[in-house]
Amino acid sequence: MERTYLMIKPDAVQRGLIGEIICRFEQKGFKLVAMKFIRLTKEMAEKHYGEHADKPFFAGLVEYITSGPVVAMAWEGKDVIAVSREMMGATNPSKAAPGTIRGTFAVDIGRNVIHGSDSPASAEKELAIYFEEADFVEWNRTVESWIVE
Ligand code: DAT
Ligand code: MG
């Protein structure tokens, strides 16, 4: 089953949105397989956002993402990478569709409440930054056959 890396960013933690955000992925039918409450080091942040290292917003991005704790999560499910990106909405919350997570809870691109991997390659890279193999919990969800045929 496909896996993705989702992260509740420091602004969402400060604003008390952890439960609300996790709730959406649970209700959708995705399965939580790993979770940590952590504060990123500068090194982790720079690795995570390495593809943006030469962008003008990089320094601010690293400062923001290390400014407080985050919830680091691995979720599993059918097409979870693409579908969770749709649920998050556009990177710029001003352009994010109403009802999406960013469309509902954010207004500023620098405070857009959630991260989600954008491809299988980035999911693999990002999961490896935050988790070791032993962190992934193998569990049987009894409602599975009511979620995926
Ligand atoms: P996403 O988080 O939707 O995958 P991204 O990978 O293009 O978006 O950028 C990573 C983060 O960097 C994004 O969540 C917010 C910040 N960011 C992107 N473009 C920005 C910009 N033009 N100005 C300020 N911050 C930006
Ligand atoms: Mg991205």
Side-chain angles (χ1 to χ4, degrees), residues 1-137 141 147-148:
M1 194 53 88
E2 190 171 89
R3 261 184 203 172
T4 196
Y5 177 69
L6 299 179
M7 182 164 74
I8 301 173
K9 292 179 172 180
D11 48 334
V13 172
Q14 293 288 350
R15 293 173 56 199
L17 296 173
I18 296 173
E20 170 68 41
I21 292 172
I22 289 177
C23 185
R24 291 183 172 224
F25 296 102
E26 274 191 306
Q27 289 183 331
K28 177 69 175 169
F30 294 137
K31 182 178 165 187
L32 184 65
V33 291
M35 177 159 68
K36 282 181 184 173
F37 186 56
I38 51 169
R39 186 156 177 174
L40 271 62
T41 62
K42 193 162 181 277
E43 292 67 37
M44 288 166 88
E46 286 171 350
K47 195 165 179 188
H48 179 115
Y49 284 121
E51 63 178 304
H52 299 302
D54 53 1
K55 307 269 172 65
F57 58 82
F58 184 68
L61 179 59
V62 170
E63 191 179 331
Y64 153 63
I65 212 70
T66 57
S67 66
V70 302
V71 181
M73 302 174 288
W75 287 82
E76 227 172 66
K78 189 168 197 254
D79 300 323
V80 67
I81 297 172
V83 174
S84 59
R85 291 280 302 188
E86 287 291 316
M87 291 168 67
M88 286 163 48
T91 302
N92 185 345
S94 299
K95 306 258 164 60
T100 61
I101 293 169
R102 287 163 169 170
T104 304
F105 298 113
V107 293
D108 191 321
I109 194 166
R111 300 286 185 270
N112 64 3
V113 303
I114 184 166
H115 168 82
S117 310
D118 62 6
S119 67
S122 56
E124 195 181 327
K125 180 205 130 184
E126 291 164 8
L127 287 168
I129 296 173
Y130 299 91
F131 300 109
E132 311 179 20
E133 211 42 53
D135 294 326
F136 297 105
V137 179
R141 202 168 42 161
I147 295 172
V148 177

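Atoms within a ligand are numbered from 1 in the order they appear, just like the ligands themselves. Values below: every heavy atom of this structure, side chains too, minus hydrogens, waters and symmetry copies.
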Sub-4.0 Å atoms of ligand 1 with respect to non-hydrogen atoms of Arg102: 1 (P), 2 (O), 3 (O), 14 (O)
Contact check: Arg85 vs ligand 1, nitrogen or oxygen atoms, below 3.5 angstrom: yes
Numbered atoms and elements of ligand 1 in range of Lys9, under 4.0 angstrom, heavy atoms: 14 (O)
Option nearest atom 10 (C) of ligand 1 (shortest heavy-atom distance, choices Arg111, His52, His48): His52
Interatomic distance, Met88 atom CE to Arg24 atom CZ [nearest 0.5 angstrom]: 12.5 Å
Side chain proximity check, Ile22 to Ile8, heavy atoms < 4.5 angstrom: yes
Subset of ligand 1 atoms that lie under 4.0 Å from at least one heavy atom of Tyr49: 10 (C)
Nearest-neighbour protein heavy atom for atom 3 (O) of ligand 1, which is reported as residue plus atom name and distance: Thr91 OG1, 2.5 Å
Ligand 1 contact on Asn112 by region, counting heavy-atom pairs under 4.0 Å: side chain
Proximity of Tyr49 and Phe58 rings by center, below 6.0 Å: no
Side-chain donor-acceptor pair present, Tyr64, Asp11, cut-off under 3.5 Å: yes
Nearest-0.5 Å distance, NZ of residue Lys125 to OG of residue Ser119: 9.5 Å
Within-cut-off N or O pair, His115 and ligand 1, under 3.5 Å: no
Beyond-backbone contact of Arg102 with Thr91, side-chain heavy atoms, under 4.5 angstrom: yes
